[in-house]
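Bear in mind the structure is a predicted one, so any value in this text is a computation, not a measurement. A, B, ... follow the sequence lines: proteins, then strands. Residue 1 opens every chain.
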Protein chains: 2
Amino acid sequence: MELRTLRYFVAVAEELHFGRAAARLHMSQPPLSRAIRRLESDVGASLFDRSPAGVALTPAGAVLLDEARDLLDRADRARARVAAAAGAATLTVGILGDEGDGGGPGAAALAGTFRRRHPHAEVRVRDADLTDPTCGLHAGAVDVALTRGPFDETGLSVRALRTDPVGALLRADDPLARHGSLRPADLADRRWFRFPVGTDPLWQAYWSGGELREGPMVRAVRECRQAVLWNGTVGMTLLGHEPGEGLVVVPLTGLPPSRVVVAWRTGEANPLVRSFVRIVVAAYRG
Amino acid sequence: MELRTLRYFVAVAEELHFGRAAARLHMSQPPLSRAIRRLESDVGASLFDRSPAGVALTPAGAVLLDEARDLLDRADRARARVAAAAGAATLTVGILGDEGDGGGPGAAALAGTFRRRHPHAEVRVRDADLTDPTCGLHAGAVDVALTRGPFDETGLSVRALRTDPVGALLRADDPLARHGSLRPADLADRRWFRFPVGTDPLWQAYWSGGELREGPMVRAVRECRQAVLWNGTVGMTLLGHEPGEGLVVVPLTGLPPSRVVVAWRTGEANPLVRSFVRIVVAAYRG
DNA sequence: GGGGGCGATACCGTACGGGTATCGTCCCCC
DNA sequence: GGGGGACGATACCCGTACGGTATCGCCCCC
């Protein structure tokens with residue numbers, strides 16, 4: 001007799017209809033039927049009379065409906081009290097700014113889900129520029145980062161969410177722009193944009209086509225586009241996004257795809273971090 | 001926040017020691033640690049201070065301990081009330097008498113487990129003789145049968161619990177008794193004991209070596225032994241049991257092994273049946 | 001400095017809870 | 001009276017999550 005099962009039971013008892021109850025619970029009807037059957041064998045009593053005419057509560061079911069509502073109510077209040085006793089809780093989330101992640105659920109939606117689950121907690125979302133892919137995880141500026149690899153993962157726990165193929169960002173009038181795909185060697189003589197000194201080396205190397213090269217320095221996606229547009233520089237970006245006026249993206253082969261990840265400091269004490277991670281993983285899966 | 005998790009939490013909060021709490025819960029320590037971590041991220045608060053010195057409750061943990069005890073208490077009472085509202089519940093269990101099942105948990109142990117889970121219910125155990133392997137399932141004399149195949153399964157649901165190899169039951173001074181194994185054909189000219197008229201044909205055929213033969217009529221295991229001992233009759237029995245004074249069991253090849261099963265009428269309304277089946281299956285697995 | 005206690009982590013197997021597809025049954029209506 | 005629709009049950013599949021064992025990391029203490 002778990003609380004989730006009791007929630008199922010209350011839904012069926014209120015709807016008196018398995019199909020509608022399942023819809024209300026955002027699940028399909030067969031698992032709901034099974035869960036109720038199991039609940040019945042668990043408490044050792046029939047809870048519903050299933051007659052062709054419809055579903056009706058048995059006396060035992062009526063008693064359980066009462067008790068279940070009470071239990072669920074108290075469980076909710078218990079949660080609230082615990083949260084209150086825990087005092088002010090804060091979670092600082094870092095996301096890779098500007099472009100962020102086009103195909104994902106979006107930071108706003110994630111923060112919303114999180115706030116619904118933890119109404120007492122304060123969520124701060126902090127945008128990072130392309131200088132630090134960890135958004136300040138190492139430095140302690142954020143508790144959890146929703147970002148993109150690769151970066152130095154020592155001391156961090158990482159869960160992959162998705163992988164995206166990458167492409168070269170070129171001016172539309174570049175001779176290479178008409179190729180169907182390119183390899184890094186094809187761009188060996190070009191200048192690539194790079195990031196300010198102190199940027200994570202793995203990150204720097206990956207997004208500069210495999211090695212550091214001379215080129216304009218950028219901090220944000222917008223600056224990358226400008227750098228490509230204004231001079232012969234090339235850059236890397238994700239496939240599938242609209243590259244912008246006067247620009248073209250050509251798929252790059254021979255490079256590992258870029259991973260969207262959620263990362264946090266290993267052994268982090270703040271329990272909200274794990275909760276956020278679970279929400280993010282679930283959102284990217286669904 | 002499920003009730004099971006809260007039981008875990010209370011155990012840890014009372015022991016203030018993960019290892020001991022795990023022992024009390026009859027589980028190992030790692031899953032317990034994980035469950036508590038998950039609970040913490042679920043409620044969004046740290047519940048324990050894990051210091052090298054030991055484990056201590058946080059303020060939030062203290063609040064939850066209070067609430068959890070209350071919830072678990074009320075859940076127990078809810079169960080009791082539902083059971084009371086359901087009125088007198090009865091489960092009649094049929095077991096194949098006399099020998100029953102040597103290697104299994106035993107009907108007494110199973111009934112004990114069941115009574116602990118359903119204190120309000122009345123359990124009646126009914127021994128059957130070898131005449132009816134279903135112990136009166138078809139006739140409605142019992143709700144669930146813990147028995148041995150094969151038998152007519154129409155209208156019944158069956159779950160297999162174990163299979164046992166079978167052997168021929170012979171007098172120790174029988175010339176065939178010294179063989180390492182026998183096939184039914186080796187016993188073609190012998191008389192086999194048989195069961196009273198009206199016995200399930202599948203059952204009758206299986207335990208008479210593949211066909212019906214003339215021979216003494218028996219109703220119980222004891223009678224089988226006597227029949228073999230007193231005249232040249234042969235019979236079938238299970239390997240691994242002590243056959244008794246003056247008797248020998250020789251393995252029989254070429255026959256499907258005998259299945260120990262739990263069976264009930266398909267679509268049975270009594271929810272105690274499913275509960276009993278679950279208990280039996282768990283007991284045979286563990 | 002080494003050993004022991006204890007919680008955390010890693011990894012694996014199983015079972016349960018979710019899904020889709022289909023059935024059986026009853027009702028209703030043409 | 002037969003066909004179709006509504007609805008709960010069943011069959012089957014799959015992923016997750018919860019159990020387990022083995023091992024690590026850390027601190028304490030002798």
Tabulate below the donor-acceptor pairs under 3.5 Å that side-chain atoms of residues 112-121 of chain B make, not counting sequence neighbours, or state none.
{"from": "B/Thr113", "atom 1": "OG1", "to": "B/Ala109", "atom 2": "O", "distance (Å)": "3.0"}
{"from": "B/His118", "atom 1": "NE2", "to": "B/Ser275", "atom 2": "OG", "distance (Å)": "2.8"}

Inset, instruction - Can you run through DNA chain D from 5' to 3' and write each base as (, ), [, ], | or . depending on how it pairs? Watson-Crick or G-U wobble, both distances under 3.5 Å. - result: ||||||||||||||||||||||||||||||
Can you list everything that forms a side-chain contact (heavy atoms from CB on, under 4.5 Å) with [X]? Sequence neighbours excluded, please.
X: A/Thr5; answer: A/Glu2, A/Leu39
X: A/Gln29; answer: A/Phe18, A/Ala22, A/Ser33
X: A/Ala75; answer: A/Leu3, B/Met1, B/Leu71

Inset, instruction - Sequence neighbours left out, what pairs pass salt bridge (charged side-chain N to carboxylate O under 4.0 Å, His left out) with at least one residue falling in residues 44-60 of chain B? - result: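 Counting only pairs at least two positions apart or across chains, the salt bridge (charged side-chain N to carboxylate O under 4.0 Å, His left out) contacts touching residues 44-60 of chain B are B/Glu40-B/Arg50.
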Inset, instruction - Scan residues 5-14 of chain B against DNA chain C and write down, sorted by residue number, each residue with any heavy atom closer than 4.0 Å; if none is found, say none. - result: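 Output list: empty, so none.
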Inset, instruction - Give me the residues of residues 26-34 of chain A where at least one heavy atom lies under 4.0 Å from an atom of DNA chain C, by number, or none. - result: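 When residues 26-34 of chain A is checked for heavy atoms under 4.0 Å from DNA chain C, the hits, listed by number, are A/His26, A/Met27, A/Ser28, A/Pro30, A/Pro31, A/Arg34.
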Legend entry - First and last nucleotide of DNA chain C, 5' to 3', lying under 4.0 Å from heavy atoms of chain B: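 The contact span of chain B on DNA chain C goes from C/dC6 to C/dA15.
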When the side chains of residues 82-96 of chain B are checked against the rest of the protein, which donor-acceptor pairs come out under 3.5 Å, sequence neighbours left out?
none

Legend entry - By salt bridge (charged side-chain N to carboxylate O under 4.0 Å, His left out) - contacts of B/Arg81 (at least two apart):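 Result, salt bridge (charged side-chain N to carboxylate O under 4.0 Å, His left out) vs B/Arg81: A/Glu67.
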Inset, instruction - Identify, with sequence neighbours excluded, every residue that meets salt bridge (charged side-chain N to carboxylate O under 4.0 Å, His left out) alongside A/Arg77. - result: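 Here the qualifying residues are A/Asp73.
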Legend entry - Nearest listed nucleotide, side chain of A/Arg37, among D/dC18, D/dG8, D/dA9: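 Comparing D/dC18, D/dG8, D/dA9 against the side chain of A/Arg37, the answer is D/dA9.
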Legend entry - Heavy-atom donor-acceptor pair, A/Arg259 side chain to A/Arg162 backbone, under 3.5 Å: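 No; judged by distance alone, with no hydrogens or angles, the pair does not exist.
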